[in-house]
There are 2 protein chains.
Amino acid sequence: MPTSAATARLAFEVVKTACSNCNLRELCLPIGIEPEDLKKLDELVSTRRRLKRGDHLYRAGQGFASIYAIRSGFFKTDVLIEDGRDQVTGFQMTGELLGLDGISSEVHTCNAIALEDSEVCVIPFLHLEGLSRQIHTLQHHFHKVMSREIVRDHGVMMLLGTMRAEERLAAFLLNLSQRFKARGYSPAEFNLRMSRDEIGSYLGLKLETVSRAFSRFQEDGLLAVHQRKIRILNTDGLRKLMTHQRS
Amino acid sequence: MPTSAATARLAFEVVKTACSNCNLRELCLPIGIEPEDLKKLDELVSTRRRLKRGDHLYRAGQGFASIYAIRSGFFKTDVLIEDGRDQVTGFQMTGELLGLDGISSEVHTCNAIALEDSEVCVIPFLHLEGLSRQIHTLQHHFHKVMSREIVRDHGVMMLLGTMRAEERLAAFLLNLSQRFKARGYSPAEFNLRMSRDEIGSYLGLKLETVSRAFSRFQEDGLLAVHQRKIRILNTDGLRKLMTHQRS
DNA sequence: CGACCTGTTGACACATATCAAAGGTCGTGG
DNA sequence: CCACGACCTTTGATATGTGTCAACAGGTCG
């Protein structure tokens, strides 16, 4: 069936989606919206898009038209500068938004790449602005989401500016753990979707340093590490390590 | 006149301000807004606030109600974590907005401190949301401003994660230069409003390292440094240094 | 004028980067 | 089903950039 294959290759589907039925309501934009308004929202998210591991959701330099809500899967965003240096600026999971960076200049400023097979809701930005002029709670919630992104970035700046390697990794793992927990998964046991190199890039460290820190945590009984499978054995220990004063 | 002194101490004035007459229009929120709408904006910014050097505009933990547009002066924002570490997250100048971090949780997450005598317009946030439901261009411009803040933070993350000390300082100086230029000041000669320690905190470096980098730049003929007075002698040199591959 | 704050410079310590080698894991194709 | 190659991870030895500690210089303000 050539048509089916072609469709798959496009990795783009026009599916009538329904926020009113979506089980991500608590995480995604429509939080706290009145039932009557939810119908309007259904129009907002008109299409979904499926991506396979390694696919780009968007690339730096591409025109901006939509933001994306992750229905399932896992992403990274990274920026690249001329001289070849790059850095992972974030890892995003189910219920989180992608593409907010593109609003300012109508052009995406980073790459968004799926780290596992994923599905996103495509939210045309002008449409979102229109709707948020009608629905106060949507407008306010969207502003909160953008602001939260700013606060998150400040946290990363703090991490990069003041923490040492093991503190950074501890902070990273605790953050992941908490986000998995918020989604109903085990906060203690999870699979990393990213390589040591990607973790290092995010944390401003080399992959060898990340690897050594993992080994150290394992020696100290804080973690059980098996490849990308992580089990947190001592959350408090990690937390103490993270907030430990620079010696 | 005791009343006048008391008023000064309050550092808070209720002044009828007018965006329609403000010469910051090109930098601040009202960019590109129709004359008829500008009248509505005048209601938005009902008060101004004067701060002396060292005053806090707001503190982490305080309830959030307004954002602030800088009419004149210079600010820093910083975050503080329990264990005593802190970091400067940004320096803000005329025409830039402060307080966006507070939207997400209705509580400010950082401190905003005046680095010189300053004046800000107080913009009640609910009022801004109301008005941006009526004025599309205001809404869109506000979204752009928030997005730009996210992009800026990514730039800082890049700096902290991948650049070495001298590259960071070069990037910092070029950024300041460009912002002064955009405001009609000399891009080559300006006074730093912040201490070496504050620069170091922002750049994730110790003040001694910042000082040494300044000295090096001076030796190399890139800068003339006299205390906090900076003259850039070789912009291209700085730019090359900034984008230089890690050796 | 003297106290204090800020900045500069030097010597040394230390965390992390760099370079290198080897072992594991996974997917693919024979 | 096994074998191969590509990629990822771990670990060790060494190099290096920045932090730390300390002394001192210069400017500012009471």
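Protein chains get the first letters and strands the later ones, always in sequence-line order, with residue 1 at the start of each.
- Note: CZ (Arg53(A)) to P (dC7(D)) measures 12 Å, nearest angstrom.
- Listed by chain and residue number, nothing satisfies the side chain to side chain donor-acceptor pair (under 3.5 Å) test with Thr94(B) (two or more places apart in sequence, or in another chain).
- Under the salt bridge (Lys or Arg N to Asp or Glu O under 4.0 Å) criterion, Arg196(B) pairs with no residue, sequence neighbours left out.
- Listed by first and then second residue, the ring-ring contact (aromatic ring centres under 6.0 Å, His included) pairs that reach into residues 182-205 of chain B are Phe91(B)-Tyr202(B), Phe172(B)-Tyr202(B), Phe180(B)-Phe190(B), sequence neighbours excluded.
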Practice task
List the protein contact pattern of nucleotides 8-13 of chain D with one symbol per nucleotide (5' to 3'): B for base contact, S for sugar-phosphate-only contact, - for none; contact means a heavy-atom distance under 4.0 Å.
Solution key: SSBBBB

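- Of all heavy-atom pairs between Met158(A) and Gln87(B), the closest is CA-OE1, 3.1 Å.
- We find that CD1 of Ile199(B) is positioned 13 Å from P of dT6(C), with the value rounded to whole Å.
- Rounded to an integer number of Å, the gap from CG of Leu192(B) to C1' of dT8(C) is 16 Å.
- An end-to-end axis angle of 40° holds for the helix from dC1(C)-dG30(D) to dG30(C)-dC1(D), taken from five base pairs per end and rounded to 10°.
- Here the C1' atom of nucleotide dC7(D) and the CD atom of Glu198(A) are 12 Å apart, to the nearest Å.
- Within the nucleic acid shown, Gly204(A) comes within 4.0 Å of sugar-phosphate atoms alone, with no base atom in reach, counting heavy atoms only.
- Remark: C1' of dT18(D) and CE of Met163(B) are 17 Å apart, rounded to the nearest angstrom.
- Here Gln62(A) pairs with Tyr58(A), Arg59(A), His108(A) under the side chain to side chain contact (heavy atoms under 4.5 Å, CB included) rule; sequence neighbours left out.
- Partners of Gln227(B) by side chain to side chain donor-acceptor pair (under 3.5 Å), not counting sequence neighbours: none found.
- The distance from atom CZ of Phe217(B) to atom C1' of dG7(C) is 17 Å, rounded to the nearest whole Å.
- Distance, Leu241(B) CG to dG17(D) P: 13 Å, rounded to whole Å.
- Contacts of Thr89(B) classified as side chain to side chain contact (heavy atoms under 4.5 Å, CB included), with partners at least two apart in sequence or in another chain: His154(A), Met157(A), Thr77(B), Val79(B).
- Every residue was checked against the side chain to side chain donor-acceptor pair (under 3.5 Å) condition with Arg231(A), not counting sequence neighbours, and none meets it.
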